[in-house]
Undergrad: 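Next up is a structure, given as structure tokens.
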Number of protein chains: 4
Amino acid sequence: MPEPQAASPRTPDATRRSERSRRAIYDAALALVTEVGYARTTVEGIASRAGVGKQTIYRWWPSKSAVLLDAYLDLAGQAAGDAQGGPGGQDGPEAPGLPDTGDLAADLRAVLRATVDELNDPRFEAPTRALTAEGVVDPELGARFVKRLLEPQLQLYVDRLTAAREAGQVRDGVDPRVALELLVGPLTHRWLLRTRPLTHAYADELVEYALHGIAPRQA
Amino acid sequence: MPEPQAASPRTPDATRRSERSRRAIYDAALALVTEVGYARTTVEGIASRAGVGKQTIYRWWPSKSAVLLDAYLDLAGQAAGDAQGGPGGQDGPEAPGLPDTGDLAADLRAVLRATVDELNDPRFEAPTRALTAEGVVDPELGARFVKRLLEPQLQLYVDRLTAAREAGQVRDGVDPRVALELLVGPLTHRWLLRTRPLTHAYADELVEYALHGIAPRQA
Amino acid sequence: MPEPQAASPRTPDATRRSERSRRAIYDAALALVTEVGYARTTVEGIASRAGVGKQTIYRWWPSKSAVLLDAYLDLAGQAAGDAQGGPGGQDGPEAPGLPDTGDLAADLRAVLRATVDELNDPRFEAPTRALTAEGVVDPELGARFVKRLLEPQLQLYVDRLTAAREAGQVRDGVDPRVALELLVGPLTHRWLLRTRPLTHAYADELVEYALHGIAPRQA
Amino acid sequence: MPEPQAASPRTPDATRRSERSRRAIYDAALALVTEVGYARTTVEGIASRAGVGKQTIYRWWPSKSAVLLDAYLDLAGQAAGDAQGGPGGQDGPEAPGLPDTGDLAADLRAVLRATVDELNDPRFEAPTRALTAEGVVDPELGARFVKRLLEPQLQLYVDRLTAAREAGQVRDGVDPRVALELLVGPLTHRWLLRTRPLTHAYADELVEYALHGIAPRQA
DNA sequence: TCATAAGCGAGACGGTACGTCCCGTCTTTAT
DNA sequence: ATAAAGACGGGACGTACCGTCTCGCTTATGA
């Protein structure tokens, strides 16, 4: 009689997991990264601050960065829920999608400005930087970071830009993937390297140039 | 006549510095970062591989990242010297500048393709990623990295784009700083986050979109 | 009911202590002191030889000398147990006491000769010298050394000499403490300063002179 | 033409030696040993405090303990000179010898009391302990310490006791060497191990017991 | 008399060990 | 069985000194 599932040695039983501990670990991890920075955040520190045994962390995550990634996803999930559930009401858990008012430029400006605000939010800054930096150097973490966090967001741009192309607002043959990077790439560049301040005006400027770049050619 | 600078307590005498050791430290640091990655590169490891006492590292640099930054600058300096002194002949030590054949698009394609090649060069990949990531998280290191390495390169774009604007190839009122980010930002984004492969075709595409985006509007 | 003691910050839990590690540390410490001398015995060396992390040493002892003291007490305890449990059989854990055959001179000669043999035993020489020297210079260690090791031994002399005084073999008014030092002091002097070899003959001579010195005066 | 003397490689020229530096080194060494103890006295510390290069120390001494030994001999020499040149007048540099008033007990009491005073003198305490301890553990240093400092002093006892024996105050067949240790051994024992305070009364007691121990037996 | 070579101060160097902080694993006790 | 607690073997940290090795700078001859 085989066991229900392959279950490698030492696979913990997720149904018995303490929700209380998980929450405390997320909170401690995010707080420490914000307060002392990623490098000086330690697993022991997280455990101690969360009032949790070290093993409880190692049982569920393989590394400090993995803890932080989950903590960050949790935070981002909450933030998304808040944004969604705010003025609009109960829309359920499905992805929100970019606004589509028909005015592509206006829609993109709104989204890019929101991104600027989020990147400037001190609550997000430290963990986002920490995870991005870690992903730059650790391909595996980077892949997870991109897949679970970045890619879903970028897909929204792809959808909106594809719709715009079908509406004739974007030239045929333009890869939406590249188009989106024309907007997001410069923003990320400024933010990561701190070469210039990130402002709404900058977001507007990017939208203008990028849209001209991918607009249909006349004649 | 006053002394050049105040000299804080315990400032070592740079004139007595061992050039031999410095070189060995640079080589060891770059080799280790490439071989085992930044996180598993240790000061002890660098010292041991360089055949140097740990104190000789701590005497001249405050941290692992500072060592690597100098090692990298040294490497970049060599590489620049090589590129300069190669086919073109003796041009002296002044900065090279971007090519200006009059064909803005062609010039930018050439430069962006060269950047793609460099980012794909395994000799540069690991240290560049390591320093960028460290700079993302450590503002001070980031500032030095940007100032001493990135900024000079970006200035070349500014110069070339300004010249192009005066030649009427770029619309009046376009900030060259922003224009340049339209090119470099997406490239960096792909490379750092590994979302898509970096190719010459991508570089060409970026040049095309960006130039259209900042081209003069026809009345 | 109050707790036994206040428990300073960072007091490890002794009940969880690894007996295996403690033994290995004792053995390594004694071996190293004997082989390479006290000065060149290092905490790192002990840890490495014992197959133990350094922290396991620093968790339980504040210094190299403290480790050695405990190792030595352990050794002395074993040796005492062996001596006791050897020919005589099961006498239990109580202190042995000096022999009392009625012949004071013979008893003291026996004990002093045994002391000479122990001081000449290469297994004891190095650690005894090391601890004595350290105690000479570090009053706190010296106090512990004296209290836990020397004092109990000296007390045996006090007891025997007091008994002898009551039997009329020692003059009234003689402080047994001083009397004992007349025997032990010269022995220690020779051994510590290596001025002359330590022999049984020397022990006998000391007993003779000292006993005459403290004998009852006739009339 | 052969060189004047075999002169191993790097034998410094003693005639050119800086007296100023030697004095400064002695002073610094003694001061540091007194202030921070032997273990925390370092060659670098001595050099720095003496305003001297490290090499100047290593040129003339092989080790910290050797420096301290010379510093101590210098100090002892001064002290001896002071004691000599004081009330008594100009006796020249030859060794003083123990007093010989004919009253052996009185003479020994005087000398032992002086020894007690010296051992209690804070100026001597730290360096004497340091050198003794070092000699206990390092046979070579110990031998030099004994030979150059202790032995000459003990010889004075030998001389005085030999004279006493010839005067019939000490029993024939008593080894003066052993007799002296009966006096000095207990004193040293108390001082080194700090078992009891060192007082004049104790010195007197020792003299009494020891002299009885070695006195001629009445028929 | 003056170059020249020594001792000297200073301190950089290749090392070793320090005592501390964490890592990730393992074990114990309590819920 | 999970969790809090924390001891364990191990590795790296950044510091303090070790003893050796140049550096310039007196200083004191001896050719």
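Computed over heavy atoms, backbone and side chain alike; hydrogens, waters and symmetry mates excluded. Order of the sequence lines fixes the chain letters, A, B, ..., with proteins taken first and strands second; residue numbering starts at 1 for each chain.
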Undergrad: Apply side chain to side chain contact (heavy atoms under 4.5 Å, CB included) to C/T34 and list each qualifying residue two or more places apart in sequence or on a separate chain.
TA: C/A126, C/P127

Undergrad: Starting at CZ of C/R22 and ending at C1' of F/dC8, how long is that distance when rounded to a whole Å?
TA: 16 Å

Undergrad: Does any pair with a residue in residues 63-72 of chain C pass salt bridge (charged side-chain N to carboxylate O under 4.0 Å, His left out), and if so which ones, sequence neighbours excluded?
TA: C/D70-C/R148

Undergrad: Got a sec, which pairs hit salt bridge (charged side-chain N to carboxylate O under 4.0 Å, His left out) with one end in residues 42-51 of chain B, sequence neighbours left out?
TA: B/E35-B/R49, B/E44-B/K54

Undergrad: Got a sec? Which of residues 37-64 of chain A come in under 4.0 Å of DNA chain E, heavy atoms?
TA: A/T42, A/V43, A/E44, A/K54, A/Q55, A/Y58

Undergrad: With C/D13, which residues qualify under side chain to side chain contact (heavy atoms under 4.5 Å, CB included), at least two apart?
TA: C/T15, C/R16

Undergrad: Establish, yes or no, whether the cationic atom of A/R17 lies under 6.0 Å from the six-membered ring centre of A/W61 and within 45° of the ring axis.
TA: yes

Undergrad: Show me the side-chain donor-acceptor pairs of residues 129-138 of chain B shorter than 3.5 Å, one per line, residues at least two apart or across chains.
TA:
unit_1	atom_1	unit_2	atom_2	d
B/R129	NE	B/E125	OE2	2.7
B/R129	NH1	A/V136	O	3.1
B/R129	NH1	B/W191	O	3.4
B/R129	NH1	B/L192	O	3.3
B/R129	NH2	B/E125	OE2	3.4
B/R129	NH2	B/W191	O	2.6
B/T132	OG1	B/T128	O	2.6
B/D138	OD1	B/E140	N	3.0
B/D138	OD1	B/L141	N	3.2

Undergrad: I'd like a table of atom pairs between the protein and nucleotides 25-29 of chain F - only N or O on both sides, under 3.5 Å - with the distance next to each one.
TA:
none

Undergrad: Would one find a side-chain N or O of D/S21 under 4.0 angstrom from OP1 or OP2 of E/dG9?
TA: yes

Undergrad: Could you give the CG-to-P distance, from C/L32 to E/dA17, as a whole number of Å?
TA: 11 Å

Undergrad: Excluding sequence neighbours, so at least two apart, what forms side chain to side chain donor-acceptor pair (under 3.5 Å) with B/S63?
TA: B/S65

Undergrad: Tell me the interatomic distance from C/R17, atom CZ, to E/dT29, atom C1', rounded to whole angstroms.
TA: 20 Å

Undergrad: Listed by chain and number, what are the side chain to side chain contact (heavy atoms under 4.5 Å, CB included) partners of D/S48, not counting sequence neighbours?
TA: none

